[in-house]
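The structure appears below as structure tokens.
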Amino acid sequence: MKSAVTTVITAADAAGRFPDISDLKAVKVSFDRAAARMEAAEKLASGIDNVTADALKAVYSDGKYDLATRDKCARDINHYLRLINYCLIAGSTGPLDEWGIAGVREVFRTLGIPTSAYIEAFSYIRERVCVPRDMDQQAANEFKDLLNYLINALS
Amino acid sequence: MLDAFSRAVVGADAKGACLGSADLASLRQHVADANIRIDATNAIAQHISCIAADAVSGMVCENTGMTQPGGNCYPTRRMAACLRDGEIILRYVSYALLAGDASVLDDRCLNGLKETYDALGVPIKNAVRAVEIMKAATVAIITNTNSGPSAFQGISGKGSDCQGIAAEAASYFDRVISSLS
């Protein structure tokens, strides 16, 4: 599983060297940001059901999508938010890449699922994050970065 | 390969649950101790030959027959291989210490190591002895109780904060020893 620290170690191992000063600095930087990331992860974990419900309401409000798909869409939004929670902890996009993005285009294309619904949902969530009501500025930045990453991957 | 963070992520994914407040307490402690962990890893990296080469030499000094004809470290080609292996094991221990998780050591170093040594005729007893000396040297350097120059001169200035991380480093060496034995 790719994370901030394992990425550094993988590179050091490929070169056969002990962790050098620049490796340790890279690890230090990720630890320095960890507090904000954990705050975002914690807030997201406690509010994930509300966030999902809100986003779902927004996506299905204008009748563009078949209401029969609503439950599955809720499940998927919840799934992606959980992976974002993991990415915030790991300090890397590894969990999203490995469990949420790899193969997703093929699956959606084969099953004829419109990714636009997901993009609308995650964009809505991104716009709704409120500082400082929901979380600190730095935590919100980390969260929004991952939402953007996911939106780009689904676009 | 996992670190303390991705270990938590993999555990949560197996349950299909988010990582919430309850899971984050131990990770927050891990983050709070980050400087100690980084200093300890750096202390190993700054003392590679002091730890690895000295441990192999020490092991040979205890068994002088090894560098004589017929010994396992004769000729120098085999002594060189032995020195190299000491350094490789130390390197993976330093990765495990930085990651806060033993998986990198298990996957990339220990997996199949005993079988390889058995096939090559490496005496396991002596290999284990070299790892034991590396463990003692590493603990001494991290806790600042070594007799040579201090690893923490100008950094944190003391080794007493590092008992916990030294014990963690020792546990990785113990892992090497138990997988070889």
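Letters go in sequence order (proteins before strands), and every chain restarts at 1.
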_Per-residue contact mode, Ala4(A) against chain B (heavy atom under 4.5 angstrom)_ = neither
*Give the C-alpha distance, both sets of side-chain angles, the deciding distance and a yes or no for ring pair (Phe, Tyr, Trp, His ring centres under 6.0 Å) between Phe31(A) and Phe5(B).*
CA-CA 11 Å; Phe31(A) 273 112; Phe5(B) 296 98; 5.7 Å; yes
_At a 4.5 Å cut-off on heavy atoms, which part of Ser30(A) comes close to chain B: side chain, backbone, both, or neither?_
neither
*Go through the atoms of Ile89(A) and report whether side chain, backbone, both or neither lie under 4.5 Å from a heavy atom of chain B.*
both
_Pro95(A) versus chain B, the contacting section by heavy-atom distance below 4.5 Å_ = side chain
*Decide side chain to side chain contact (heavy atoms under 4.5 Å, CB included) for Asn148(A) and Phe122(A); before the verdict, give the C-alpha distance in whole Å, the side-chain angles of both, and the deciding distance to 0.1 Å.*
CA-CA 8 Å; Asn148(A) 280 330; Phe122(A) 295 120; over 6 Å; no
*Select one option (side chain, backbone, both, neither) describing which atoms of Asp32(A) are under 4.5 Å from chain B's heavy atoms.*
neither
*chain B heavy atoms under 4.5 Å from Leu88(A): which part of the residue, side chain, backbone, both or neither?*
neither
*Tell me, for Thr6(A) versus chain B, whether the close heavy atoms (under 4.5 Å) come from the side chain, the backbone, both or neither.*
both
_Would you say Met134(B) ends up clustered with Ile177(B) if hydrophobic residues are merged whenever their side chains have heavy atoms under 4.5 Å apart, either directly or through other cluster members?_
yes
*Taking Asn85(A) for the side chain and Ala41(A) for the main chain, is one N or O donor matched with an acceptor at less than 3.5 Å?*
yes
*Output yes when Arg28(B) and Glu42(A) qualify as a salt bridge under the 4.0 Å nitrogen-oxygen rule, no when they do not.*
yes
*Between Val8(A), Thr10(A), Ile48(A), which residue shows the highest count of heavy-atom pairs closer than 4.5 Å to chain B?*
Thr10(A)
*asked:* I'd like to know if the side chain of Asp136(A) and the backbone of Gln138(A) have a donor-acceptor N/O pair within less than 3.5 Å.
replied: no
